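Presented below is the structure to which this report refers.
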Protein chains: 2
Amino acid sequence: MARSNKTKYPILGILSQEDLSGYEIKKRIEERLSFYWNESFGQIYPTLKELRREGLLGSERVAQEGKPDKTVYKITEKGMAILREWLEEPVETERLRSELLLKLSFGNHTSTETIKRHVDDFRESLKKKLKLMEIFERNLREVLEDHPDHPYQLVTVLFGKKTYQAWIDWCEEALALLGNS
Amino acid sequence: MARSNKTKYPILGILSQEDLSGYEIKKRIEERLSFYWNESFGQIYPTLKELRREGLLGSERVAQEGKPDKTVYKITEKGMAILREWLEEPVETERLRSELLLKLSFGNHTSTETIKRHVDDFRESLKKKLKLMEIFERNLREVLEDHPDHPYQLVTVLFGKKTYQAWIDWCEEALALLGNS
DNA sequence: GAGCCCATGTAATCAGTTACATGATTAC
DNA sequence: GTAATCATGTAACTGATTACATGGGCTC
């Protein structure tokens, strides 16, 4: 895509919290970041090797019982420094990209029903996502009662909530506007 | 990226409204779609040739006074059929990707001030975008009074408004949460 | 003559997904 | 035995941006 390769940052970030293998890093990203960030194995494994070569990670072969051996990576002081450096830098904003809006904007070439169906499908998918966010929120608020220091995870979940709720509201608005046209 | 190539659809869509050259198509996309869709020349010109080869577009060389000649493309009946077909198909939802949220989620490794600065920068950029949307909205509502059929453009602008407003609200919420931590 | 807009295109580069390959272990 | 999970990796493909090249005409 010729946008800069950011794969190393989620990896460094995840490894700043615990030592993990590539396979486990993938799982953590899916569990914790997947609603706003994703990485595939095809990116993770080569990046891990590179980061190790650059001295941002150390690695250790670990034997497991009942499972294959794994290579566990550990972030180095140099790796932490790079992570902190990146955290300081201005955020590169990525552009929105929405096939739904693209279809909507050429909606005059199909039936209103078709367009309304697309909007409705979108709304249903959002409702599910919103429910997930609400579950995350409840869990995080419980944790936060004991550890009021790290509200960061909660803040990202609130972003999801706000976004999905706004989009649901927009769906209602859009359906109303298209209904009597 | 291995996500399917959609470049042809904005091109067909734009050409369903007026006959244009590649250069003009780029301008139209920037003017009308850029807040949720973008295409570069590197995609547009090769795609135009391909669409012409497939018979979805016709082309004509047009001389201009005071400007270089241009190749104006015109959508064919076959092209319109492909556009309508795509409009019927279910929307492929693309994933959110946010470097801001990524930085936030590892925010415990830097100062609260740094994170708040990122959020604040984001909020300022959103305010500008929101103002733009409001201008678009006013213009479109004026047009809509005379032509109450095609509310589609307006609906996409309302999406922008809703999204940006929600994100601004989230910024306030986030700053408050981070403020007393 | 410098710099900008119009106009079209290609090449280089890279991001990122998907498919494929391999192999261990566990559970049915 | 076969499917599922754990674990690691490579190769193929392609989407998409950016840079580069070219050239006409306009404005200062």
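Not measured: the values here are computed from a predicted model. Each chain gets a letter, A, B and so on, in the order its sequence line appears, and its residues count up from 1. All heavy atoms count here, side chains included; hydrogens, waters and symmetry mates do not.
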Going through the distances and angles, do A:E24 and A:R28 end up as a salt bridge (charged side-chain N to carboxylate O under 4.0 Å, His left out)? CA-CA 6 Å; A:E24 292 164 333; A:R28 285 287 182 284; over 6 Å; no

The correct set of residues in residues 56-69 of chain B placing a heavy atom under 4.0 Å from DNA chain C is B:Q64, B:K67, B:P68, B:D69

Side-chain donor/acceptor of A:K103 to backbone N/O of B:W86, under 3.5 Å | yes

To the nearest angstrom, the CD-P distance between A:Q43 and D:dA12 comes to 17 Å

Whole-Å distance, A:E94 CD to D:dA16 C1', equals 15 Å

Check: Just by distance, do the side chain of A:S59 and the backbone of A:V72 share a donor-acceptor pair under 3.5 Å?
Finding: no

Per the under-4.0 Å heavy-atom filter, residues of residues 14-39 of chain B near DNA chain D come out as none

Paired with B:I115, the side chain to side chain contact (heavy atoms under 4.5 Å, CB included) test is passed by just one of B:L100, B:N108, B:L178, namely B:L178

Those residues at least two apart in sequence (or on a different chain) that pass ring pair (Phe, Tyr, Trp, His ring centres under 6.0 Å) with A:Y45 are A:F41

Say whether, by atom type as modelled, one donor and one acceptor occur between the side chain of A:T71 and the main chain of A:E60 under 3.5 angstrom.
no

B:I44 atom CD1 is separated from D:dT18 atom P, nearest whole Å, by 13 Å

*side-chain hydrogen bond (donor to acceptor under 3.5 Å, both in side chains) between B:T163 and A:W167: does it pass, once the steps are laid out?*
CA-CA 7 Å; B:T163 303; A:W167 287 351; 2.8 Å; yes

Rounded to whole Å, CG of A:L51 lies from C1' of D:dT8 at a distance of 16 Å

Pairing partner of C:dC28, by Watson-Crick or G-U wobble and under 3.5 Å for both distances, is D:dG1

When rounded to whole Å, the OH to P distance for the pair A:Y45 and C:dG23 reads 16 Å

Atom CD of B:E50 and atom P of C:dT8 are separated, to the nearest Å, by 18 Å

Sorted by position of nearest nucleotide on DNA chain D, 5' first, the leading residue of B:F41 and A:K70 is A:K70

By nearest-nucleotide position on DNA chain C, the 5'-leaning member of B:R97 and B:Y73 is B:Y73

Original post:
A:K129 side chain to A:F35 main-chain N or O, any donor-acceptor pair under 3.5 Å?
Top reply: no

key: Side chain B:E88, main chain A:T114, donor-acceptor under 3.5 Å   = no

note: A:N5, atom CG; D:dA16, atom P; distance rounded to Å ~ 17 Å

